[in-house]
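Following: one structure in structure tokens, then a few remarks.
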Amino acid sequence: MPSQKPIRVALLGCGTVGTEVVRLLTGQAADLAARVGAPVELAGIAVRKPNKHREVPADLLTTDAAALVASDVDVVVEVIGGIEPARTLLLDALRAGKSVVTANKALLAEHSAELSAAADGSGADLYFEAAVAGAIPLLRPLRESLAGDRITRVMGIVNGTTNFILSGMDSTGASYGETLEEATRLGYAEADPTADVDGFDAASKAAILASLAFHTRVTASDVHREGIASVSAADIAAARALGRTVKLLAICERVTEGDQESVSVRVHPAMIPRSHPLAGVNGAFNAVFVEADAAGEMMFYGQGAGGAPTASAVLGDLVAVARNLVQGGRGPRESAYAGLPARPMGQTPTRYHISLDVADRAGVLSQVAAVFAEHDVSIAAVRQEGRVDDASLVVVTHAATDAALRSTVDKIGGLPVVREVVSVMRVEGEET
Ligand SMILES: NC(=O)C1=CN([C@@H]2O[C@H](COP(=O)(O)OP(=O)(O)OC[C@H]3O[C@@H](n4cnc5c(N)ncnc54)[C@H](O)[C@@H]3O)[C@@H](O)[C@H]2O)C=CC1
Ligand SMILES: N[C@@H](CC=O)C(=O)O
Ligand code: NA
């Protein structure tokens with residue numbers, strides 16, 4: 001057993017993730033001490049409801065998180081979530097030179113500049129591997145392993161709850177409501193699950209990924225965000241008919257035009273081919289592709305949500321900051337030197353799948369096609385099926401700007417021959 005003075009840890013929050021952090025920290029104390037070179041000691045656990053039954057040492061509980069942060073601790077682990085009081089508590093910790101480990105993507109996506117400045121001011125560490133894609137080591141590869149390469153694209157499934165819902169709708173036809181309830185019961189969903197279903201959680205993660213990948217400060221407000229609330233059984237069926245499935249994707253791209261570079265960061269549902277590697281990512285699993293100039297394509301896959309997987313990432317960070325304290329040195333600082341501008345969604349090239357109910361009469365297809373031509377949107381594939389007195393028309397486009405595609409859909413929806421726009425969804429994956 002190392003003879004070094006213990007590293008004292010304050011844990012803020014003891015819900016789904018916090019409980020598992022305590023379990024791993026106490027259950028593996030001897031191994032952690034050997035890996036760090038000093039015992040890692042839980043000094044206190046800040047909770048809101050001290051009388052709630054928990055499998056954690058009751059004598060460590062306190063309702064005064066600020067006092068715990070201010071006490072004689074070396075590291076603060078934050079798994080409360082939300083902006084306040086987490087922001088103030090972590091700023092206080094960092095300004096006092098205490099290293100911070102957090103899983104709080106909502107906070108990082110809005111306030112990482114302020115938190116990083118506080119860490120730089122005192123020389124403390126700020127680690128947050130659990131904030132994106134749960135257990136999957138993803139931020140450390142972006143921040144460290146790929147720091148010598150030029151990343152061009154990061155794309156993937158980064159929200160377990162919505163992936164659990166979409167997988168259920170696709171495989172068993174389960175309802176949206178049932179699967180959301182189950183995701184909450186399993187500890188995947190945020191305290192307010194609208195953060196998941198409306199895409200806020202994935203947008204926060206996309207902002208963090210883009211910031212690290214492109215050495216640029218990207219905040220949640222720079223991210224185009226659409227959730228899954230509007231994904232209907234008709235959309236899933238339309239995707240299935242084309243050999244596709246629907247996933248909520250986070251896409252971070254470096255866009256180069258002449259000598260101008262910008263970053264496009266977006267979160268939205270998209271149809272992808274069933275043969276695409278992301279199509280087989282089901283339940284609360286996450287997967288993220290990274291493309292870099294020299295490394296080429298890489299894929300990171302694993303459990304993106306849940307108490308134990310998330311606690312694994314928290315513990316990995318805790319070991320890293322504790323080692324830095326024992327051995328000297330510091331983890332990577334924020335790197336935002338590139339300062340690339342955010343590209344508006346309207347200018348971002350995407351592809352659409354559009355499914356229409358139309359009158360079954362001569363000339364309909366040419367009227368619809370004319371609207372595409374008028375907006376300079378080229379059609380990749382068309383499928384028409386007649387019924388008694390109406391027909392279904394499915395159009396998949398080539399890439400065009402999102403603004404042009406939106407205007408096309410608006411105009412088509414107003415054509416007298418179009419009875420209903422059944423489904424409109426972006427398409428990712430190979431060109432159809
Ligand atoms: N559950 C998951 O799968 C993942 C969660 N995260 C993040 O980890 C953090 C925690 O998530 P969960 O454990 O799932 O949430 P949770 O809601 O289960 O736990 C949060 C706990 O913090 C407590 N709390 C709230 N305000 C507090 C305060 N002022 N002082 C002390 N305790 C307070 C709540 O009572 C609750 O027990 C969030 O930032 C979340 O986004 C990140 C990755 C995955
Ligand atoms: N609510 C989040 C939890 C992990 O970040 C999710 O569902 O992915
Ligand atoms: Na991670």
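As the structure is a computational prediction, the values presented were derived from the model and not from experiment. In listed order, ligands and their atoms are each counted from 1.
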Query raised in the report: Can a salt bridge be assigned to the pair Asp402 and Arg426 using a cut-off of 4.0 Å between side-chain N and carboxylate O?
Result: yes

Query raised in the report: Would you say Gly134 contacts ligand 2, with heavy atoms under 4.0 Å as the rule?
Result: no

Query raised in the report: Taking the six-membered ring of Tyr127 as reference, does the NZ or CZ atom of Arg143 fall below 6.0 Å from its centre and within a 45° cone about the axis?
Result: yes

Query raised in the report: Is it the side chain (CB and beyond), the backbone, both or neither of Thr162 that lies under 4.0 Å from ligand 2, heavy atoms counted?
Result: neither

Query raised in the report: What atoms in ligand 1 come closer than 4.0 Å to a heavy atom of Val47?
Result: 31 (C), 32 (N)

**Report entry** Ligand-residue contact atoms, ligand 1 with Gly15, heavy atoms, under 4.0 Å
**Finding:** 13 (O), 18 (O), 19 (O), 21 (C), 37 (O)

Query raised in the report: To which protein heavy atom is atom 39 (O) of ligand 1 closest, and what is the distance rounded to 0.1 Å?
Result: Gly81 CA, 3.2 Å

Query raised in the report: Quick check: does any side chain N or O of Arg240 sit under 3.5 Å from a backbone N or O of Asp170, one acting as donor and the other as acceptor?
Result: yes

Query raised in the report: Looking only at side chains, do Asp410 and Ser407 share a donor and an acceptor under 3.5 Å apart?
Result: no

Query raised in the report: Between O of Val132 and OE2 of Glu129, what angle is found at the Na ion (ligand 3), rounded to 10 degrees?
Result: 110°

Query raised in the report: Do any N/O/S atoms of Gly134 come under 3.0 Å of the Na ion (ligand 3)?
Result: yes

**Report entry** Which segment of Lys49 sits under 4.0 Å of ligand 1 when only heavy atoms are counted
**Finding:** neither

Query raised in the report: Any side-chain donor-acceptor pair under 3.5 Å between Asp192 and Thr194?
Result: yes

Query raised in the report: Any N/O/S atom, backbone or side chain, of Pro137 lying under 3.0 Å from the Na ion (ligand 3)?
Result: no

Query raised in the report: When the aromatic ring centroids of Tyr352 and His398 are compared, is their separation below 6.0 Å?
Result: no

**Report entry** Proximal ligand 2 atoms for Lys205, defined as those under 4.0 Å from one of its heavy atoms
**Finding:** 2 (C), 4 (C), 5 (O), 6 (C), 8 (O)

**Report entry** Residue part near ligand 2, for Thr161, under 4.0 Å between non-hydrogen atoms
**Finding:** both

**Report entry** Salt-bridge contact Arg343-Asp222 (side-chain N to carboxylate O under 4.0 Å)
**Finding:** no

Requested in this report: For the residue pair Val395 and His353, establish whether any side-chain heavy-atom pair is separated by less than 4.5 Å.
Outcome: no

Report task. Report yes if some N/O of Gly160 lies less than 3.5 Å from some N/O of ligand 2; otherwise report no. Result -> yes

Query raised in the report: Taking NZ, NE, NH1 and NH2 as the nitrogens, is one of them in Lys105 or Glu110 under 4.0 Å from a carboxylate oxygen of the other?
Result: no

**Report entry** Side chain, backbone, both or neither: Ala130 near ligand 1, heavy atoms under 4.0 Å
**Finding:** backbone

Requested in this report: May I ask you to identify the nearest protein heavy atom to atom 18 (O) of ligand 1, giving residue, atom name and distance to one decimal place in Å?
Outcome: Thr16 N, 2.9 Å

Query raised in the report: Short list, please: which atoms of ligand 2 are under 4.0 Å from a heavy atom of Glu190?
Result: 1 (N), 2 (C), 3 (C)

Query raised in the report: ligand 1 versus Ala103, non-hydrogen atoms closer than 4.0 Å: side chain, backbone, both, neither?
Result: both

Query raised in the report: How about Ser335 and His215: does a side-chain donor come under 3.5 Å of a side-chain acceptor?
Result: yes

Query - Ala313 backbone or side-chain N/O/S under 3.0 Å from the Na ion (ligand 3) - result: no

